[in-house]
Amino acid sequence: MAKIQKSKIFEVYEAEEEKRKLLYTINLTPEVKVYDEILTKQDNIEYRRWDPYSSKLAALILKGCPNIGFRKNDIVLYLGSASGTTVSHVSDIVGKEGFVFAVDIAPRVMRDLVFVCEERKNIAPILADANRPESFADRACEVDIIYQDIAQKNQVEIFLKNIKLFLKNNGYALLAVKARSIDVTKNPKDIFKEVKKVLEKSLTIIDFRPLEPFQKDHCMFVCKK
Ligand SMILES: C[S@@+](CC[C@H](N)C(=O)[O-])C[C@H]1O[C@@H](n2cnc3c(N)ncnc32)[C@H](O)[C@@H]1O
């Protein structure tokens with residue numbers, strides 16, 4: 001097993017295996033897994049392997065994004081948490097002094113997320129519609145960073161509404177775009193261009209990456225308010 005070392009991304013670690021780069025975060029809850037991730041111990045530190053095929057944020061890093069915006073101690077609004085795969089790595093990154101508000105509309109995935117939150121005290125599950133941010137405004141606060149991974153036709157509108165209500169000035173906002181949810185008939189590249197035009201009106205885009213081959217027809221925008 002190759003040595004796990006710090007990567008260029010804050011609180012994210014990497015190792016080289018058979019010419020592949022593997023990503024890791026330090027497990028906030030040693031010996032406890034969230035999904036079927038591999039746990040590896042080196043120098044008395046337990047790392048969790050971060051799979052780019054299951055997490056668009058990991059894919060973004062492996063596609064070469066130099067700054068994903070997340071820092072230790074950040075307060076995060078995560079929209080479209082599902083059962084907590086990526087949320088759990090964000091929870092590792094922000095650490096015990098950071099916090100993640102994890103929003104999802106589906107009761108089924110929320111049930112699984114609640115078990116993750118029982119172990120990880122820096123995540124609060126919020127069962128709500130991200131399209132109606134005012135409906136959960138009393139359960140969240142101003143945040144340093146917003147991450148959105150929601151497969152809805154109006155995903156850009158949802159993103160902008162939440163930025164307006166929750167993101168501090170100069171805060172980062174990451175949008176995972178699923179082209180096929182916006183329009184199945186259009187070329188994803190054209191959809192990404194259209195999304196870029198809309199985002200540019202109110203945000204500074206600091207990075208953009210298509211996420212192939214890890215995530216088909218998806219891209220990620222990293223923006224600043
Ligand atoms: C692709 S999955 C998210 C995967 C997750 N981000 C991860 O990496 O582990 C998209 C999630 O968005 C949720 N979702 C869809 N529409 C939503 C809405 N209007 N408000 C909140 N969550 C929504 C779905 O229930 C689903 O769990």
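Order of listing sets the numbers, starting from 1, for every ligand and every atom in it. Computed from a predicted model, the values in this text were never measured in an experiment.
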Distance under 4.0 Å to a non-hydrogen atom of [X]: what atoms of ligand 1 satisfy this?
X      : result
Asp129 : 18 (C), 19 (N), 20 (N)
Tyr78  : 5 (C), 6 (N), 7 (C), 8 (O)
Lys56  : 1 (C)
Ala106 : 25 (O)
Ala130 : 18 (C), 19 (N), 20 (N), 21 (C)
Ala128 : 20 (N), 21 (C)

Nearest heavy atom to atom 2 (S) of ligand 1 wins, so pick from Asn131, Ile126, Leu113, Asp149.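 The option holding the nearest heavy atom is Asp149.
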
SB check [X] [Y] (cutoff 4.0 Å):
X      : Y      : value
Arg48  : Asp92  : yes
Lys197 : Glu194 : no
Asp43  : Lys3   : yes
Lys168 : Asp144 : yes

Item to check | Ala130 backbone acceptor or donor facing Asn162 side chain under 3.5 Å | outcome: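 Pair found, side chain donor or acceptor close to backbone of Ala130.
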
Answer yes or no: is there a donor N or O on one side and an acceptor on the other, between the side chain of Ser7 and the main chain of Val12, under 3.5 Å?
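Indeed, once roles are kept as given, a pair shorter than 3.5 Å links the two residues.
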
Could you check [atom] against the protein and tell me its nearest heavy-atom contact, residue, atom and distance included?
atom                    : answer
atom 9 (O) of ligand 1  : Thr86 N, 3.2 Å
atom 23 (C) of ligand 1 : Ile105 CG2, 3.5 Å
atom 3 (C) of ligand 1  : Gly80 O, 3.2 Å
atom 15 (C) of ligand 1 : Gln152 NE2, 3.6 Å
atom 13 (C) of ligand 1 : Asp104 OD2, 3.3 Å

Taking non-hydrogen atoms only, is Ser81 closer than 4.0 angstrom to ligand 1 via side chain, backbone, both or neither?
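Just the backbone.
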
- Region of Ala176 engaging ligand 1 - heavy atom pairs below 4.0 Å: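 Under 4.0 Å from ligand 1, Ala176 contributes no heavy atoms.
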
**Asked** Would you call Thr25 and Glu11 a side-chain contact if the rule is heavy atoms closer than 4.5 Å?
**Response**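 Thr25 does not reach Glu11 side chain to side chain.
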
With the 4.5 Å side-chain cut-off for hydrophobic clustering, are Ile75 and Phe159 part of the same group?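 In one cluster with Ile75: Phe159, yes.
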
task = Say whether Tyr172 and Asn67, considering side chains only, have a donor N or O and an acceptor N or O under 3.5 Å apart.
result =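 Checked: Tyr172/Asn67 side chains pair up, N/O donor to acceptor below 3.5 Å.
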
